[in-house]
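To start, the structure itself, in structure tokens.
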Amino acid sequence: MAPSDRTRFAPNSAAARDIAYYLHPYTNIKAHEENGPLIINSGKGIYVYDDQGTEYIEGMAGLWCTSLGYGEERLAKAAYDQILKMSYTQGFTHRSNEKAIDLAERLISMAPAGMSKAFFTNSGSEANDTQVKIVWYYNNALGRREKKKIIARKKAYHGITLAASSLTGVEYAQKGFDVPLDRFLHVSTPHYWREGKDGESEEEFATRLAEELDALIVAEGPETVAAFIAEPVMGAGGAIPPPKTYFQKIQAVLKKHDVLFIVDEVITGFGRTGNMFACETYDLEADLISVAKALSSAYLPIGAVMMSEEIYQGLRAGGDKFGMWNTGYTYSGHPAPAAVALETLKIYEERDTIGHVRSVVPAFQDGLQRFADHPLVGEVRGVGLVGAIELTPDKAGKGVFDPAAKIAPYFAARALAHGVVLRALPSDSIAFCPPLIITEDEIAMVMERAAKALDDTWEHVQKQGLV
Ligand SMILES: Cc1ncc(COP(=O)(O)O)c(C=O)c1O
């Protein structure tokens, strides 16, 4: 039963108790009271099952995170064994555990060139929040007390803790929360199809955006700008790969003004773009990298910041001024998620998950491209095993639907009814981000079900007189 079909909930049913007690993240509170939850209780491979036993393909890998799918016994066992042996040790004041040590070593040895140390968090938000603290502390250590502003992009998603949500540039995540805080700035979204000017080539668009960044840094004063943060492929803003030459030009601007580059690989890390890190896909030279999600295939929560030797040396020098490196979470380097992350990374290697991703990418990207001619689809975009179709009422003019018409959410609801979980994102984009283990046959099923949802949505917009 789809949640919207439920008008009444039996007293003491899971749905009734959910409404009574559970304030959900990112949920319309009134609509939830009306419609109740979709309760997902089990999963196997790329499939998940709701409390009525209905099967869905998880076409979004949860929230872009369940890279190895569901029910992977090795990950469950890694958690069980570790908890039984040692359920918790802290990382503060020189304490350690062998799983955190092994994971730090493994991460640094597989990371893009230049990474030197790993710091553990519980999530992507905490990783990005920590990035801000690292950058500020680093510049304080170096005596650059003014160099604190951080530049992100409109439509970026970097999480929801206070500093992370100040980096985030999607409007819906900021409304009502009094963010961004001071010292956080946003430049244009690198989305050529939507933001490019008439007659402007993709490369010219990239040049314009790099010039915009340069002009902002100059206007603010390079001595006040500490860092620039970017997702290699924008996720929650619409699953948007970068325009050609964009990062090459952006990185030249950052180098010119001695501005650090924080790369948020929370979605793209561990194979999503067809390389272990998107830094490889787009030739990014990061000073700092955030990871989470596929680090543990979301079996247990864990994130990390990786930093260059230069940053590490700055933090080390900071000790002379400020005493210890006084930041950390109770669960930084928790042995159980660390054990699961280690096992996840072992599985990627043993099963050649990257090789598998590369082998199915053509089926995935071609499958998406088949929607390009549909009258409702303005743009099809993607890289590796992530992509989106953007819906428009006016293909030639790239128009947008009135957000109140909720066209992308309608599509996502129809997709669910046809047995695939896809996600509605801003400007009526539909994101696809399946588990990395998906096969070609399963990709074909995702596309078949999405095609039905697209036809339903086309019929709906015609009936509503929206096209
Ligand atoms: C690119 C990116 N960074 C950071 C985050 C925040 O991660 P978390 O939800 O684990 O705090 C997300 C979450 O989707 C993300 O997509």
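Both counts, for ligands and for their atoms, begin at 1 and track the order of listing.
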Do [X] and [Y] have side-chain N/O donor and acceptor atoms under 3.5 Å apart?
{"X": "T130", "Y": "Y329", "value": "yes"}
{"X": "N128", "Y": "S290", "value": "yes"}
{"X": "E126", "Y": "T121", "value": "no"}

Under a 4.0 angstrom heavy-atom cut-off, which atoms of ligand 1 come close to [X]?
{"X": "S123", "answer": "10 (O), 11 (O)"}
{"X": "N128", "answer": "3 (N), 4 (C)"}
{"X": "I267", "answer": "16 (O)"}
{"X": "E231", "answer": "1 (C)"}
{"X": "G124", "answer": "6 (C), 7 (O), 8 (P), 10 (O), 11 (O)"}
{"X": "S125", "answer": "6 (C), 7 (O), 8 (P), 11 (O)"}

**OP:** Kindly state whether the ring of F270 and the ring of F277 have centres lying under 6.0 angstrom apart.
**Re:**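 Here the rings of F277 and F270 have centres that are less than 6.0 Å from each other.
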Original post:
Do Y26 and H24 have ring centroids that are under 6.0 Å from one another?
Top reply: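 Centroid distance H24-Y26: not below 6.0 Å, so no.
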**OP:** Check the surroundings of atom CZ in F177: do more than 12 heavy atoms from other residues, nucleotides or ligands lie under 6.0 Å from it?
**Re:**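 For F177, atom CZ is not crowded (no more than 12 foreign heavy atoms under 6.0 Å).
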Identify, for [atom], the protein heavy atom at the shortest distance, and state residue, atom and that distance.
{"atom": "atom 14 (O) of ligand 1", "result": "K293 NZ, 2.8 Å"}
{"atom": "atom 3 (N) of ligand 1", "result": "D264 OD2, 2.7 Å"}
{"atom": "atom 2 (C) of ligand 1", "result": "Y157 O, 3.3 Å"}

Original post:
Is K44 paired with E58 through a side-chain N to carboxylate O contact shorter than 4.0 Å?
Top reply: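 Looking at E58 and K44, the cut-off is not met.
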